[in-house]
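Each remark here refers to the structure printed beneath this line.
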Amino acid sequence: QVRLAESGGGSVQAGGSLRLSCAAPRRHFSSSSMGWFRQAPGQEREFVAHSSFDGTSTDYAESVKGRFTISRDNAKNTVYLQMNSLKSEGTAVYYCASRPVGASVMVASTYDYWGQGTQVTVSS
């Protein structure tokens, strides 16, 4: 069992910024591509961002392009999600997950390990 641990959520006003972190076990992290998803109340979990195992390739949902940045520090076994210019519709529980080789980047059900999630609340 691989345990991922998110942190950094909180409450912020619209237009503000937050940085989320997700730590993973060393032996698993360095060879795994990682994704961020979010789930608002009553809605399905949706893709936010993805990073290849070495950070050289990234993908973003259209709704966050230009505002969110995914990055990773393999020396610290941590992936980050920098969120700028937050909007009220960004209020959700944010999850990090690891993606097996060959799995779809944007489909949550294809990811294998998940964190417990961290709440982000954006007030207008």
Side-chain angles (χ1 to χ4, degrees):
Q1 183 72 18
V2 175
R3 294 187 178 183
L4 309 180
E6 303 97 336
S7 60
S11 296
V12 64
Q13 289 191 332
S17 299
L18 281 174
R19 188 176 81 155
L20 306 182
S21 300
C22 172
R26 178 182 299 274
R27 61 177 175 80
H28 181 77
F29 184 80
S30 61
S31 61
S32 298
S33 60
M34 301 291 292
W36 285 97
F37 289 77
R38 65 187 180 188
Q39 187 166 20
Q43 297 187 20
E44 293 187 354
R45 195 167 296 189
E46 66 171 357
F47 169 76
V48 175
H50 167 267
S51 169
S52 61
F53 76 98
D54 58 1
T56 59
S57 176
T58 57
D59 305 274
Y60 296 94
E62 286 296 326
S63 59
V64 307
K65 276 184 180 178
R67 299 186 297 117
F68 289 14
T69 302
I70 187 171
S71 62
R72 61 191 294 157
D73 185 340
N74 283 1
K76 296 182 178 179
N77 308 312
T78 301
V79 61
Y80 304 98
L81 184 68
Q82 177 67 44
M83 305 185 295
N84 298 330
S85 302
L86 280 160
K87 304 177 181 179
S88 57
E89 53 263 41
T91 294
V93 177
Y94 284 71
Y95 299 89
C96 69
S98 61
R99 184 178 74 90
V101 174
S104 172
V105 167
M106 297 185 180
V107 179
S109 61
T110 65
Y111 284 64
D112 51 4
Y113 298 107
W114 293 80
Q116 80 288 351
T118 185
Q119 176 70 47
V120 172
T121 302
V122 184
S123 58
S124 56

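- The only option from Arg45, Glu46, Glu44 that meets the side chain to side chain donor-acceptor pair (under 3.5 Å) definition with Gln39 turns out to be Arg45.
- At a threshold of 4.5 Å between side-chain heavy atoms, the hydrophobic network of Ile, Leu, Val, Met, Phe, Trp and Tyr places Met34 and Tyr113 in one connected group.
- Judged as a side chain to side chain donor-acceptor pair (under 3.5 Å), and not counting sequence neighbours, Asp73 has no contacts.
- The closest donor-acceptor contact from the side chain of Arg67 to the backbone of Ser85 lies under 3.5 Å.
- Taking hydrophobic clusters as Ile, Leu, Val, Met, Phe, Trp and Tyr residues chained together by side-chain heavy-atom distances below 4.5 Å, Val12 shares a cluster with Phe68.
- Linking Ile, Leu, Val, Met, Phe, Trp and Tyr residues whenever their side-chain heavy atoms come within less than 4.5 Å places Val120 and Val48 in a single cluster.
- Once rounded to the nearest 0.5 Å, the distance linking CZ of Arg72 with OG of Ser52 reads 7.0 Å.
- Residues Ser31 and Phe53 are not in side-chain contact: their nearest non-hydrogen atoms beyond the backbone lie 4.5 Å or more apart.
- Within a 6.0 Å radius of CD in Gln116, more than 12 heavy atoms belonging to other residues, nucleotides or ligands are found.
- Remark: side-chain polar atoms of Glu6 are not paired, donor with acceptor, to backbone N or O of Thr118 under 3.5 angstrom.
- Judged by distance alone, with hydrogens and angles left aside, the side-chain atoms of Thr110 form no donor-acceptor pair with the main-chain N or O of Ala103 at under 3.5 Å.
- By the rule that hydrophobic residues join a cluster once side-chain heavy atoms approach within less than 4.5 Å of another member, Phe47 and Leu81 end up as members of separate clusters.
- Between Phe37 and Trp114, the angle of the ring planes lies from 30° to 60°, which puts this pair in the tilted group.
- Under the 4.5 Å side-chain heavy-atom criterion for grouping Ile, Leu, Val, Met, Phe, Trp and Tyr, Val64 is not connected to Tyr111 through any hydrophobic cluster.
- Leu86 contributes atom CG, which lies 12.5 Å from atom OG of Ser124 (distance to the nearest 0.5 angstrom).
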> Please walk me through it: do Asp112 and Ser98 pass side-chain hydrogen bond (donor to acceptor under 3.5 Å, both in side chains)?
Replying inline: CA-CA 6 Å; Asp112 51 4; Ser98 61; 2.6 Å; yes
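- The shortest heavy-atom contact between Pro25 and Val2 is CD-CG1, 3.7 Å.
- Residues passing the side chain to side chain contact (heavy atoms under 4.5 Å, CB included) test with Thr69, sequence neighbours excluded: Tyr60, Gln82.
- Taking the side chain as every heavy atom from C-beta outward, Leu20 and Met83 approach each other to under 4.5 Å.
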Just distance, no hydrogens or angles: give the donor-acceptor pairs under 3.5 Å from side chains in residues 88-95, sequence neighbours left out.
| residue | atom | partner | partner atom | Å |
| --- | --- | --- | --- | --- |
| Thr91 | OG1 | Ser88 | O | 3.1 |
| Thr91 | OG1 | Val122 | N | 2.8 |
| Thr91 | OG1 | Val122 | O | 3.3 |
| Tyr94 | OH | Arg38 | NH1 | 3.0 |
| Tyr94 | OH | Gly90 | O | 2.7 |

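- Across Ser21 and Trp36, no two heavy atoms sit closer than the pair O-CH2, 3.7 Å.
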